[in-house]
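Just so you know, ligand 1 is whichever comes first in the structure, and atom 1 is the first atom listed for that ligand. In what follows, residues are counted from 1 in the order of the sequence shown.
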Amino acid sequence: MPTILVVDDNEAIRRTRCILLKRAGYDVEEAASGTDAIRLLNQSVYDLVITDLKLGDIDGFTVLKEAKLAQLSTTEVIVITAYGTVEDGIEAMKQGAFHYIPKNTGNEEILIHIEKALEAKQLQDSVQKYRAKLGGSLNIDHLIGRTPAIREVADLIQRIAGSDSTVLILGETGTGKSLIARIIHNMSSRRDKPLVEINCAAIPDTLQESELFGYVKGAFTGADRTKKGLIEEGHQSTVFLDEIGEMSPENQTKLLHFLENGQIRRVGDTKPISVEARIIAATNRDLDIARRQKSFREDLYYRLNVITINLSPLRARMEDVPLLATTFLRQHADRMRKDVQRFTDDALKMLCRYDWPGNVRELENVVERAVLLSTGREIAARDIQAYVTHKPETYSRQQVTPRIVRSRKHIHPPEKVLARISHLSLEELEREFILYKLKQCEGNQVVTAEQLGIGRTTLWRKLKQYGVLGSEQSQAT
Ligand SMILES: Nc1ncnc2c1ncn2[C@@H]1O[C@H](COP(=O)(O)OP(=O)(O)OP(=O)(O)O)[C@@H](O)[C@H]1O
Ligand SMILES: [Mg+2]
């Protein structure tokens with residue numbers, strides 16, 4: 001059922017209009033002022049907004065602008081104009097309103113306009129869905145957020161998507177790096193060819209070269225035929241090298257060679273092959289540190305760093321949380337065919353108080369779960385409470401990187417990581433891991449124990465056993 005927001009500072013008119021719309025079968029919410037409207041527009045998603053142009057506080061043009069920014073790209077706005085002022089209505093349409101209705105318009109006619117606007121919205125929605133099915137539809141509208149941080153990223157994407165330049169995307173896990181790589185590809189002239197996505201962390205070192213660059217028959221035992229590498233698969237398309245920080249030094253060299261000369265060499269081959277592919281790379285590691293520690297080639301770093309998109313963590317752009325949450329609510333409710341409409345105010349407040357170590361991915365997961373489990377039309381604070389409360393408040397956010405533990409993706413360490421540590425005994429592994437955690441928590445034993453899920457005394461005993469604790473420290477725990 002379509003949801004309509006009615007904005008009017010005149011109570012009598014607003015009420016009458018709401019009753020009219022409710023009788024016609026719509027879900028209706030009302031705002032008595034521009035400020036109220038803007039607050040609601042940032043909390044829920046509407047199919048249609050009807051606003052008077054003359055409001056007590058903020059004028060209707062601002063509400064229109066805000067609706068266009070904060071709502072889905074298909075949300076329509078109808079403005080109500082004063083008697084005989086066609087100019088305002090035309091101006092509003094120029095600014096994206098679907099239509100304007102003079103104040104003295106009769107009920108029946110109003111309903112017809114509304115129906116038309118909703119039909120237009122539905123049509124646009126299905127066009128979007130259809131294009132999404134075809135796969136080529138991802139565009140800048142899929143990057144949700146209206147904070148300056150996200151708007152700047154969106155501007156940058158729009159400016160560079162059409163070019164062939166290499167792009168480096170940096171950001172914590174779940175901040176949208178993969179999404180952006182796909183958006184860039186789909187906005188470029190290369191969109192007709194599939195994007196080749198390669199997760200460097202998922203390919204063991206020993207296989208990386210042959211996977212990336214291909215091999216010829218007989219190159220090594222088991223190479224019983226010639227095979228194209230993934231970069232070659234991306235010829236005339238885009239190659240997305242995810243977690244590039246995990247690429248082995250030899251492959252970094254080969255990649256640099258490719259970026260400079262447009263040529264690759266299959267394993268076991270003598271002649272180079274020309275490949276024309278655009279490279280987008282991403283990582284959640286600090287490449288600058290890796291470069292200084294010499295685990296990442298300096299020249300490759302500079303070669304990749306032509307255009308860099310820095311994604312800030314969600315906790316640094318919390319104003320985006322309500323819009324993101326409400327959009328995910330809609331999407332998942334739609335997909336599951338459930339009549340879940342919105343979050344209660346308290347639920348939204350709760351979402352805005354959490355610091356989202358897993359960023360947008362974590363937020364989306366929380367919303368998806370809440371929609372799945374919900375039985376009513378609203379999601380209340382108690383429905384999400386369990387997922388968004390932090391236990392240890394004793395440490396600051398920067399000191400620990402809980403994403404390693406929390407992110408769905410990192411629960412199972414990639415094969416490659418396991419291969420690297422497979423020479424350790426279980427005992428050694430435990431020691432390494434505990435010390436690693438302790439370092440991550442900046443030596444705070446209380447937090448370390450909590451994160452490891454062991455008692456403080458146990459931690460203390462183990463540290464003592466490792467010879468990490470001096471006798472003067474042993475009482476401090
Ligand atoms: N600004 C955004 N608007 C809409 N959806 C977003 C946004 N940012 C992230 N998402 C969604 O959140 C989820 C996680 O994003 P994505 O997979 O792109 O993160 P990532 O940075 O690649 O994470 P990782 O480092 O773990 O690979 C995806 O479902 C993505 O569509
Ligand atoms: Mg990713």
Strictly by modelled atom types, are N284 and T173 linked by a side-chain donor-acceptor pair under 3.5 Å?
no

Determine, for E66 against R146, whether the closest basic-nitrogen to carboxylate-oxygen distance falls under 4.0 angstrom.
yes

The option among L311, L179, I169, D242 carrying the non-hydrogen atom nearest to atom 18 (O) of ligand 1 is L179

Looking only at side chains, do N199 and E197 share a donor and an acceptor under 3.5 Å apart?
no

Contact between ligand 1 and N199 is defined here as a heavy atom of the residue under 4.0 Å from a ligand atom; is it met?
no

Test of understanding: given a 4.0 Å heavy-atom threshold, classify the contact between F328 and ligand 1 as side chain, backbone, both, or neither.
side chain

Go through the side-chain N and O atoms of R297 and T253 and say whether any donor and acceptor fall under 3.5 Å apart.
yes

Report yes or no: does T173 have an N/O/S atom closer than 2.8 Å to the Mg ion (ligand 2)?
no

Could you tell me whether R190 and E276 have a side-chain N and a carboxylate O separated by less than 4.0 Å?
yes

Are any of the N or O atoms of E364 closer than 3.5 Å to those of ligand 1?
yes

May I ask you to check if ligand 1 and T175 share an N or O to N or O distance below 3.5 Å?
yes

Would K349 and D345 pass as an ion pair if we require N to O under 4.0 Å?
no

What verdict does the salt bridge (Lys or Arg N to Asp or Glu O under 4.0 Å) test give for R342 and E29, after you've listed the backbone C-alpha separation in whole Å, the side-chain angles of each residue and the deciding distance to 0.1 Å?
CA-CA 12 Å; R342 62 183 68 82; E29 280 188 44; 2.9 Å; yes

Over 12 foreign heavy atoms within 6.0 Å of CZ, R382
no

For N284, counting its heavy atoms only, list the atoms of ligand 1 lying under 4.0 Å from any of them.
25 (O)

Check: I144 N/O within less than 3.5 Å of ligand 1 N/O:
yes

Under 4.0 angstrom from ligand 1, any heavy atom of G174?
yes

Below 4.0 Å, non-hydrogen atoms only: which portion of D320 touches ligand 1? Side chain, backbone, both or neither.
neither

A student checking ligand 1 against H142 at a 4.0 Å heavy-atom cut-off should list atoms 3 (N), 4 (C)

With heavy-atom distances below 4.0 Å as the criterion, list the atoms of ligand 1 near E172.
21 (O)

